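Sequence lines set the chain letters: A, B, ... in the order given, protein chains first and strands last, and positions in each chain run from 1. Computed from a prediction, not measured in an experiment: that's the story for all the values here.
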Number of protein chains: 2
Amino acid sequence: MEVLTQAEENYLKAVFKITENDDKAASTNAIAAMMSTSAASVTDMLKRLAGKGLLHYEKHRGVVLSERGGELATNLVRKHRLWEVFLVKMLDFSWDKVHDIAEQLEHVQSDELVERLDGFLDRPQFDPHGDPIPDANGKMAMRKQILLSSLDPKDQAVLVGVQESTNTFLQYLDKLKLSLGTKLQVVERFEYDGSMKIVLIGGEEITLSHKVCENLFVQKTK
Amino acid sequence: MEVLTQAEENYLKAVFKITENDDKAASTNAIAAMMSTSAASVTDMLKRLAGKGLLHYEKHRGVVLSERGGELATNLVRKHRLWEVFLVKMLDFSWDKVHDIAEQLEHVQSDELVERLDGFLDRPQFDPHGDPIPDANGKMAMRKQILLSSLDPKDQAVLVGVQESTNTFLQYLDKLKLSLGTKLQVVERFEYDGSMKIVLIGGEEITLSHKVCENLFVQKTK
DNA sequence: TTTCATTTTTAGGCTTGCCTAAAAAACTGT
DNA sequence: ACAGTTTTTTAGGCAAGCCTAAAAATGAAA
């Protein structure tokens, strides 16, 4: 088992995040932006990681994770999300406070710790933001989720995830009394600006901007 | 709140441990031994920490923690021991496996995390090895403990701590079915070599060497 | 007190991970 | 295709934290 520095782990995670949606290579600049560092530092580190066989690097062409690099990155995501569940479920943190702490906890090295934590939490499949948690083999459950913005009037749905996890957004949702598991029904859609009026089941009616609707994952229930 | 590197924190803890029993200054060599590093590296770091006002350093005379240094060191001990409780009580680790993991967890920076963890664990006063856990103000409960080796025949006592926490010792205790909370009675003391025959309440009779008896803290119950 | 062993410090050097500035390569539009 | 822009790499440097070897300070014993 190779042991990586925290910096190396953070770069792996950044490459992972950048490449997981579109399957193009991650560019030096994109990585630099995500890590808030200079492109020169990124080039340095990419060479190191390529030397360790964790990613495939070709000058001026960006990088892709190797199989081993992907495994390590997936395991980091697993650890991060498990710790987030712990912080929210067991220590009662609000979902907008857990990211930074999980960012530190994910670097703790102990496979047995992860395994026992997973068991203690009852092998959760999703983290507090609705993101799927990879299992010990790196497999993760698929969310059958769609964007709230794609629903039509009268559709009923349950909130299962957020696209964006910034503090401001999460805190705004709290203020609206929207959290994972909240059931809702669409009342009306305003084509003019894409905003929607929805009613929280057992609660009040609220109007959400298009921007908000585009950042909420739901599952239809009717 | 000053933020220290993990290396700086580890040095603080080492000085703390060395100076907590005898109130003499910690010597460069003693610190080097505890940190498994060279005396030269220690000198480097002591200058850094003295520069930050965390300890008092005089060439060739060793160091003592400053008030602030002591506070930081105590808080590290608090975090370490709280995480050990978590690992043993919640994740069901055995007491000889938790030190290295707690050593990593103690460096996670978040006062709120420590506070919530403490509450979640029900504000424990002692860690799985019987060592006292400082509270948020740095105060810790006194153990009314004595060494098993100081007991006389017929004395009854309960095991409340260990002097030494090496893996080999803890595993040996497990094999003897000795754990914190185990009640026992002294049967006989052999002055010749200091070994003792004791009986575990509700269990078998065992003989412990002087070395073992010198490393077990007990509280008399009769 | 003087010598000798031990402890501590200094000096110089290494890697990691970061920086800026400048050079080189790759894209873009005409 | 080539000029200009953007991206990426190279070069050189810095701080942290470690190392070894050598010098200096301390202290113990004769």
Side-chain angles (χ1 to χ4, degrees), chain A residues 2-19 22 24-65 69 72-73 76 103-104 106-107 109, chain B residues 2-19 22 24-65 69 72-73 76 103-104 106-107 109:
Chain A
E2 52 273 79
V3 175
L4 304 183
T5 64
Q6 295 196 7
E8 288 170 333
E9 290 193 339
N10 288 335
Y11 275 97
L12 277 191
K13 246 188 16 170
V15 175
F16 181 84
K17 278 186 197 159
I18 292 168
T19 51
D22 44 338
K24 291 176 294 189
S27 75
T28 303
N29 255 8
I31 299 169
M34 178 158 297
M35 308 271 307
S36 306
T37 187
S38 70
S41 301
V42 173
T43 303
D44 268 6
M45 183 57 94
L46 294 183
K47 287 180 185 167
R48 289 175 51 75
L49 292 174
K52 295 191 177 193
L54 301 178
L55 44 77
H56 303 292
Y57 169 60
E58 273 185 288
K59 269 192 189 180
H60 297 103
R61 325 228 135 260
V63 290
V64 193
L65 292 178
L72 291 174
L76 281 167
E103 204 73 22
Q104 300 179 65
E106 76 189 4
H107 296 296
Q109 304 283 348
Chain B
E2 51 275 81
V3 174
L4 304 184
T5 64
Q6 295 198 7
E8 288 170 331
E9 291 193 336
N10 287 334
Y11 275 96
L12 276 191
K13 246 189 14 172
V15 175
F16 181 84
K17 277 187 200 160
I18 292 169
T19 51
D22 44 337
K24 290 175 295 187
S27 75
T28 304
N29 255 9
I31 299 169
M34 179 159 293
M35 308 272 305
S36 306
T37 187
S38 69
S41 301
V42 173
T43 302
D44 268 6
M45 183 58 93
L46 293 184
K47 287 180 186 169
R48 290 175 51 74
L49 293 174
K52 295 190 176 193
L54 301 178
L55 44 78
H56 302 294
Y57 169 61
E58 272 185 288
K59 268 193 189 179
H60 296 104
R61 327 228 133 257
V63 290
V64 193
L65 292 178
L72 292 173
L76 282 167
E103 203 71 24
Q104 300 179 67
E106 77 189 5
H107 295 296
Q109 303 283 349

J.: Work out which heavy atom in Ala50(A) is nearest to a heavy atom in Tyr57(A); give both atom names and the distance.
T.: CB-CB, 3.8 Å

J.: Grab the NZ-C1' distance between Lys24(A) and dA26(C) for me, whole Å please.
T.: 16 Å

J.: Just checking Thr28(B): base, sugar-phosphate only, or nothing, at a heavy-atom cut-off of under 4.0 Å?
T.: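 Answer is sugar-phosphate: Thr28(B) comes under 4.0 Å of backbone atoms only.
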
J.: Can you find a side chain N or O atom of Thr5(B) that sits less than 4.0 Å from OP1 or OP2 on dA16(D)?
T.: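 For dA16(D), neither OP1 nor OP2 has a side-chain N or O of Thr5(B) closer than 4.0 Å.
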
J.: In Å and rounded to the nearest 0.5 Å, what is the OH to CG distance from Tyr11(B) to Asp44(B)?
T.: 8.0 Å

J.: Quick one: Asp44(B) CG to dG12(C) P, roughly how many Å, whole number?
T.: 14 Å

J.: Would you mind reading off the distance between His60(A) atom NE2 and dA23(C) atom C1', rounded to a whole angstrom?
T.: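 It is 10 Å, rounded to the nearest whole Å.
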
J.: Ignoring backbone atoms, establish whether Asn29(B) has a side-chain N or O less than 4.0 Å from OP1 or OP2 of dT8(C).
T.: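 Yes.
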
J.: Just the rounded figure in Å: distance from P of dC18(D) to CG of Leu49(B).
T.: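 Distance, rounded to whole Å: 11 Å.
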
J.: Among dT10(D), dG17(D), dC19(D), which nucleotide has an atom closest to any side-chain atom of Arg48(B)?
T.: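 Among the listed nucleotides, the one closest to the side chain of Arg48(B) is dG17(D).
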
J.: Which heavy atom of Glu106(B) sits nearest to which heavy atom of Glu103(B), and what is that distance?
T.: CG-O, 3.4 Å

J.: Give a yes/no on whether any side-chain N or O of Thr37(B) is located under 4.0 angstrom from OP1 or OP2 of dC18(D).
T.: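 For dC18(D), OP1/OP2 do not have a side-chain N/O of Thr37(B) under 4.0 Å.
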
J.: Got more than 12 heavy atoms from elsewhere within 6.0 Å of NZ, Lys52(A)?
T.: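 Atom NZ in Lys52(A) is packed in, count exceeds 12.
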
J.: Kindly give the heavy-atom pair with the smallest separation between Val63(A) and Thr19(A), and that separation in Å.
T.: O-CG2, 4.2 Å

J.: In whole angstrom, give the distance that lies between atom CD1 of Ile31(A) and atom C1' of dT9(D).
T.: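 Value for this atom pair: 14 Å.
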
J.: What is the separation between atom CG on Leu46(A) and atom P on dC18(C), rounded to the nearest whole Å?
T.: 12 Å

J.: Can you tell me the distance, in whole Å, between the CE atom of Met45(B) and the P atom of dA16(D)?
T.: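 Going from CE in Met45(B) over to P in dA16(D) covers 9 Å.
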
J.: OP1 or OP2 of dT8(D) less than 4.0 angstrom from a side-chain nitrogen or oxygen of Tyr57(A), does that happen here?
T.: no

J.: On DNA chain C, check which nucleotide each of Ala7(A) and Arg61(B) is closest to and give me the residue with the more 5' one.
T.: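 Result: Arg61(B).
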
J.: Please give, in whole Å, the distance from dT9(D) P to Lys47(A) NZ?
T.: 7 Å

J.: Is the distance from OP1 or OP2 of dC18(C) to the nearest side-chain N or O of Ser41(A) less than 4.0 Å?
T.: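 No, Ser41(A) has no side-chain N/O under 4.0 Å of OP1/OP2 on dC18(C).
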
J.: Just N and O in the side chain of Lys59(A): are any of them under 4.0 Å from OP1 or OP2 of dA24(C)?
T.: no

